[in-house]
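Read the numbers this way: they start at 1 and go in the same order the structure lists the ligands and their atoms.
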Amino acid sequence: MNRLHWSPRSPYVRKVMVALHEKGIADQVETVRTLADPIFPPESFFPVNPLAKIPTLEREGEPVLVDSRVIIEWADQQAGGAVTLLPSDPEARLVALRDDAIGTGLIDIAMTRLIEAVLRPDDKRDERIIATCRKKANAVLDWLEAHVPNLEARPFDAGHLAIGVALCYLDFRFAADQWREGRPALAAWHQGFSERPSVIATAFRDDPRPAS
Ligand SMILES: N[C@@H](CCC(=O)N[C@@H](CS)C(=O)NCC(=O)O)C(=O)O
């Protein structure tokens, strides 16, 4: 069976989990709880993925796949599901990939801020990095607010998926920021996203940290 190195805390993993549910193949992948620690990476994981990052997909009889975007491409190649995450039409595909980059970029910003604000010792924290993360996240959110008509005008794809998961992650880690404030269109769009069975089935949670 295919094995997905997984955590219920990881937004990149959740992108993949939502994709597996959208494609109707979640039951074809076994999830393996794997520690992802940017400061103390588990060295036993290096032979599987030298980046020691999750998601990582070990496929039966095929090379390992790393990175959420690559694994979503794999999921999309599998039969099943009513949804095409990466459309074959060249322009539609570029827009889906662009929005995947925007959504994943928003996740990257949130992760950088989390590492700086939570993991780094107080005396080493750089408030400028945190301030820049907040500024960039707000710029992305304002861009998305203006971009909602485009999201609503096309079928669900990998771009919607990444943007939706990124907003769920802001709710999970930075709820106090209240990103919905002043962004009614994005809030309404995200409400619809949150009601998808694939999103309900893959909720974030802080489970016990596994041993490295
Ligand atoms: N670009 C990668 C990012 C994956 C990533 O950074 N995952 C985090 C977990 S949320 C991780 O494994 N961090 C451990 C590390 O950076 O060493 C993707 O899209 O899959």
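- Distances from ligand 1 to the non-hydrogen atoms of Pro55 include at least one value under 4.0 Å.
- The single protein non-hydrogen atom nearest to atom 1 (N) of ligand 1 is Asp67 OD2, 2.9 Å, given as residue, atom name and distance.
- At least one heavy atom of Met111 sits less than 4.0 Å from an atom of ligand 1.
- Aromatic pair His190/Trp179: ring centres closer than 6.0 Å.
- Of all protein heavy atoms, the one closest to atom 20 (O) of ligand 1 is Ser68 N, 2.8 Å.
- Under 4.0 Å from ligand 1, not a single heavy atom of Val13 appears.
- Figure legend: Arg196 and Phe156 shown as a cation-pi pair, the cationic atom lying under 6.0 angstrom from the six-membered ring centre and within 45 degrees of its axis.
- Within the structure, ligand 1 lacks Ile71 among the residues with a heavy atom less than 4.0 angstrom away.
- Ranked by closest heavy atom to atom 17 (O) of ligand 1, the top entry among Ala162, Pro11, Pro38 is Pro38.
- Aromatic pair His5/Phe45: ring centres closer than 6.0 Å.
- Every atom of ligand 1 is numbered from 1 in the order shown, and the set under 4.0 Å from a heavy atom of Ser10 is 9 (C), 10 (S).
- Remark: of the listed residues Arg14, Glu22, Met17, Glu22 is the sole one forming a side-chain contact (heavy atoms from CB on, under 4.5 Å) with Ser198.
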(message) Please evaluate residues Asn138 and Arg134 with respect to the criterion side chain to side chain donor-acceptor pair (under 3.5 Å), reporting the C-alpha separation (whole Å), side-chain torsions for both, the decisive distance (0.1 Å), and the verdict.
(response) CA-CA 6 Å; Asn138 279 324; Arg134 294 179 76 112; over 6 Å; no
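- In this structure, Trp189 and Phe193 have parallel ring planes: the angle between them is below the 30° cut-off, well short of the 60° mark.
- At a threshold of 4.5 Å between side-chain heavy atoms, the hydrophobic network of Ile, Leu, Val, Met, Phe, Trp and Tyr places Leu106 and Val148 in one connected group.
- Among all non-hydrogen protein atoms, the one lying nearest atom 4 (C) of ligand 1 is Ile54 O, 3.3 Å.
- Taking every non-hydrogen atom of Ala36 and a distance limit under 4.0 Å, the qualifying atoms of ligand 1 come out as 9 (C), 11 (C), 12 (O), 13 (N), 14 (C).
- Of all protein heavy atoms, the one lying nearest to atom 6 (O) of ligand 1 is Lys53 NZ, 3.4 Å.
- Comment: Asp100 does not engage Arg93 in a salt bridge, judged by the lack of any side-chain N to carboxylate O separation of less than 4.0 angstrom.
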